[in-house]
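These numbers come from a predicted model, not from an experiment. The analysis underlying the following values was restricted to heavy atoms, covering all of them including side chains, and did not include hydrogens, waters or symmetry mates.
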Amino acid sequence: MIEELMPNVYWPEIWEASLDTLLMLGGSMLFTVILGLPLGVLLFLSGQSDRPAQRTLYNAISLLVNIVRSLPFIILLILMMPLTGLLMGTKVGLAGTIPPLVAGATPFFARLVETALREVDRGIIEATQAMGATTSQIIFRALLPEARPGLWAAATVTAITLVSYTAMAGLVGGGGLGDLAVRYGYHRYQPDVMWLTVILLLVLVQLLQMSGDRLVARFSHK
Amino acid sequence: MIEFEDVYKTYRAAGREIAALQPTDLNIRAGEVFGLIGHSGAGKSTLLRLINRLEEPSGGRIRVDGEDVTALDDAGLRRFRRQVGMIFQHFNLLSSRTVAENVAMPLQLAGESSRAQIDARVAELLARVGLEAHAKSYPAQLSGGQKQRVGIARALATQPKILLCDEATSALDPQTTAQVLDLLARINRELNLTIVLITHEMDVIRRVCDRVAVLDGGSVVEQGPVSDVFLHPQHPTTRRFVREAEHVDEGEQNDDFQHVEGRIVRLTFKGEATYAPLLGRIARESGIDYSILAGRIDRIREMPYGQLTLALQGGDQTLALQRLEEAEVTLEVLR
């Protein structure tokens with residue numbers, strides 16, 4: 001019955017494309033968190049301070065973040081090609097998609113981290129200071145644990161945004177479900193392939209959102 | 001124990017210098033409960049936070065146990081802060097940690113005790129505040145009074161010499177307030193801990209404090225033993241606080257006085273004199289009649305006191321006043 005509904009679907013290809021999407025998502029998410037979390041903490045800390053040097057730092061990072069965020073991802077993908085080549089040794093294929101994906105998602109994630117940290121009650125930071133905590137103790141023992149539900153929510157939104165970015169990564173030969181949808185569904189006019197990829201992407205987004213929501217609930221004790 | 005020498009604090013806001021605390025001298029003694037009372041914006045919160053330098057002073061010197069804490073470097077300040085516990089109006093417990101983990105936190109940050117030592121200390125602290133059964137609960141599952149008791153246990157974890165209380169009972173209902181104040185008084189007694197508390201309620205001062213300073217507009221306008229300040233307030237701000245605590249409206253009271261004849265006096269009894277059958281005896285001896293216009297019998301910490309406003313009529317009033325002067329009462333002739 002499935003073959004009648006979707007006569008053009010070649011399952012090994014679907015499988016390969018799904019795997020590519022997951023690899024792009026996993027790889028870029030990993031680096032986005034590694035880079036975006038400290039950047040978000042830096043944004044939060046420098047944004048709280050009233051020392052002129054820190055204000056300047058905040059304004060500089062903030063501007064950089066806004067510049068990257070204002071670029072449409074598809075433009076970023078092309079603009080970054082020389083840098084991608086330097087970093088990965090290739091400008092194309094799966095490896096070639098990771099730097100632009102990370103560059104696109106990191107500022108976004110960093111902003112969400114900053115917002116999540118701002119949600120932490122100022123009084124909790126004050127209480128931790130009053131206990132004689134160092135700045136790193138305040139960050140790792142109070143700020144990040146207290147913000148954990150918000151950080152999981154930020155990671156969930158970022159992962160879902162990355163799913164839609166991976167769909168554009170086909171432009172540089174990254175493969176994946178989005179690429180498949182464009183090539184078969186649009187160029188060859190095989191709507192069944194397009195619909196299947198849409199369904200698979202929907203399932204992926206849904207799974208990400210559900211597990212994200214669970215993690216948020218698991219860590220909130222409010 | 002805590003000495004302020006010419007300490008002041010100014011903020012820069014919108015290009016203008018705003019004084020949060022005028023140059024202040026203050027001396028808080030070891031083992032006492034010292035109250036700071038003032039309306040919001042009076043500078044009491046700033047003053048409290050200067051002690052553990054959550055606020056940096058703009059000038060002056062603060063000494064604790066002879067040590068100049070304004071001169072401490074970062075590491076010295078962190079070490080010093082471990083000797084100063086602090087509790088807050090909104091408790092400021094970590095929502096991601098259980099009760100036991102919250103209490104353990106100052107010890108973990110200090111990094112000087114083993115896990116077993118921390119566990120033992122936490123159990124002891126939770127027993128002291130009566131929360132053994134809630135060790136594994138999260139703060140969100142507790143009532144306000146329980147949360148504040150967790151706050152107290154946490155503040156005591158590193159065996160501090162000083163406890164700072166930032167409006168610790170302002171978010172609590174009257175009954176819970178009484179329980180928390182009793183706990184603070186007990187800790188003060190049992191651990192000989194110096195407590196500095198800020199509040200906007202004279203009743204809190206009356207129940208637990210030994211001495212009090214009244215703040216208004218960033219300066220200390222009156223200070224002294226609670227029994228003096230509470231029973232004989234001098235500054236208008238202090239008088240307003242006392243009247244609030246006694247639910248007396250001065251305007252109404254003056255109207256009431258218009259309707260009575262004779263001399264109006266206020267008598268203040270302290271300690272055992274509160275219970276002496278003084279008035280009846282003097283009335284019989286001098287032949288005066290008296291009517292009670294206002295009165296209150298209560299306690300300041302453990303000390304009973306009575307304060308009565310009387311109208312005296314007829315009889316030998318000179319003799320009556322003379323007898324009152326001789327007795328263990330403070331006499332003020334209001335009219």
Would you please go through residues 138-166 of chain A and name the residues with a non-hydrogen atom below 4.5 Å from one of chain B, in numerical order? A:R141, A:A142, A:P145, A:E146

What closest approach, in Å, do [X] and [Y] show between heavy atoms, and which atom pair accounts for it?
X: A:Q54; Y: A:L45; result: OE1-O, 4.0 Å
X: B:E112; Y: B:Q117; result: O-OE1, 4.4 Å
X: B:E201; Y: B:I37; result: C-CD1, 3.7 Å

Heavy-atom contact with chain A under 4.5 Å, split by part of [X]:
X: B:R154; answer: side chain
X: B:Q108; answer: both
X: B:L93; answer: backbone
X: B:L54; answer: side chain

Side-chain heavy atoms of [X] within contact of [Y], under 4.5 Å:
X: A:L64; Y: A:P107; result: no
X: B:L21; Y: B:L215; result: yes
X: B:R49; Y: B:D166; result: yes

Relative to chain B, which segment of A:S220 carries a heavy atom at a distance below 4.5 Å: side chain, backbone, both, or neither?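 Neither part; nothing is under 4.5 Å.
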
Which pairs would a plain distance check flag for residues 195-207 of chain A, meaning a side-chain donor or acceptor within less than 3.5 Å of a matching protein atom at least two apart in sequence or in another chain?
residue: A:T197; atom: OG1; partner: A:V193; partner atom: O; Å: 3.4
residue: A:T197; atom: OG1; partner: A:M194; partner atom: O; Å: 2.6

With salt bridge (charged side-chain N to carboxylate O under 4.0 Å, His left out) as the criterion, how do B:R128 and B:E124 come out once you've worked through the C-alpha distance, each side chain's angles and the decisive distance to 0.1 Å? CA-CA 6 Å; B:R128 182 175 283 282; B:E124 179 194 325; 5.6 Å; no

